[in-house]
Amino acid sequence: MSVVLGLWHLTLEGGKEKTFQTPANVQITNAAFGEEIAEETRTVVKLTFDTLNTSFESDDEDEEEEKPSDTTTTVLCSLIPGKVEQANINLTLDSEGVYTFQATGKNTVYLTGNYIRQLGDDEEPSDDEDFSDEEGYDLRDVSSDVEMHPDDLEDLESDASRFEEVVEEPVKASKRPRDSDAKEPEASKKASKKLKAEGGKAVEAEAPKEEKKEKKQKEKKEKKDEKPTEVKEKKEKFAKKTIAGGVVIQDAKVGTGPMAKKGNTVRMRYVGKLTNGKEFDKNVSGKPFTFHLGKGEVIKGWDEGIVGMQVGGERILTIPPAMGYGSKKQDVIPANSTLIFEVKLLEIK
């Protein structure tokens, strides 16, 4: 039986090997492609490790001796773009072993799993059990992509001990009023006494109220003027990005739903324009435009530019002629035209 201590991950760049020794036992649960696919060929994830020979030839002792011998290479999974882009894995790596991973081809593969603690038959997990003592590992100080030997963790200070020394002081419910606020009632009172009519009757001092009203209106106007600037700053955070074929993408709004991948059936809204601003096609109401992403049912710029969008997201695609209609005239679209599409992902089936 095992207890999960924390998350673990490893990034494998295509065609490169990565060797590491984990500071704690690791259970690998998943292997998957990332957002970008460098090539459409199969990627094989391999694992190389030391094999152990068990010997019982000792005459004096009955102890079991284990000696490292040759390394062995095995295949964890095979991933195919557009067909099999992730695989479930159930493999536990011992903290004392040295492991080498490799992903063939050019595609990057992401391995995900958990740091775990193996329990014996006579042990039971406890809800109050603390894994940050001197004999455990503080996994918050360990990066899964950094090679670190377990002996290097002995001098690390646990964050838990630092938080125990913090004593929070009670927050005072009241604050001392500002001098200007404290004197204001008295000043108003004196003003009302001084303002008198000729008959000796007091005149109401309305000037302070008008000043407060003007101040409130001024603050409201300044706050209103600041909103467009804030919206502009948020839009500028989404930078342009050039992807395969020279297609330029820029997110106007990032969605919160599932992410579109090649092979998905997607439902879209869109407006198509030329670089001079002339609109040549759109779908903004009625039945959404539906197609199979990455299957060649639309222009190449769409098959590449829609990948990675999340449901609810909006994106601007700038598509060069080679990824659009090329040198052929298409209705009102001249030959060798660069196309600009404003698209929105409604649903993934």
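Please read these numbers as outputs of a predicted model, since none were measured by experiment. Computation of the quantities below employed the complete heavy-atom set of this structure, encompassing side-chain atoms and omitting hydrogens, waters and symmetry-equivalent molecules.
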Shared hydrophobic cluster for F238 and I249 (ILVMFWY, side-chain gaps under 4.5 Å): no

E36/K106 salt bridge by N-O under 4.0 Å criterion: no

No-hydrogen, no-angle side-chain donor-acceptor test under 3.5 Å, Y99 and D50: no

Residues, nucleotides or ligands: over 12 heavy atoms within 6.0 Å of K46 NZ: no

Ionic contact status for E40 with K83, cut-off 4.0 Å: no

Within-4.5 Å side-chain heavy-atom neighbours: I116 and V26: no

Set of residues satisfying ring pair (Phe, Tyr, Trp, His ring centres under 6.0 Å) with respect to F280, sequence neighbours excluded: F341

Nearest-0.5 Å distance that lies between atom CG in L47 and atom OG1 in T100: 8.0 Å

Separation between CD1 of I340 and CG of N276, rounded to the nearest 0.5 Å: 9.0 Å

Validation row: W302, V343 side chains within 4.5 angstrom (heavy atoms): yes

E13, CD atom: more than 12 neighbouring heavy atoms under 6.0 Å: no

More than 12 heavy atoms of other groups within 6.0 Å of K282 NZ: no

Any donor-acceptor N or O pair under 3.5 Å, side chains T71, T48: no

Approximate separation, where rounding is to 0.5 Å, of L339 CG and I333 CD1: 5.5 Å

side-chain hydrogen bond (donor to acceptor under 3.5 Å, both in side chains) involving Q330 - partner list, sequence neighbours excluded: none

N107 side chain to E39 side chain, donor-acceptor N/O pair below 3.5 angstrom: no

Presence of salt bridge, K273 and E342, under 4.0 angstrom: yes

Aromatic plane relationship, W8 with F101 - under 30° parallel, 30 to 60° tilted, over 60° perpendicular: tilted

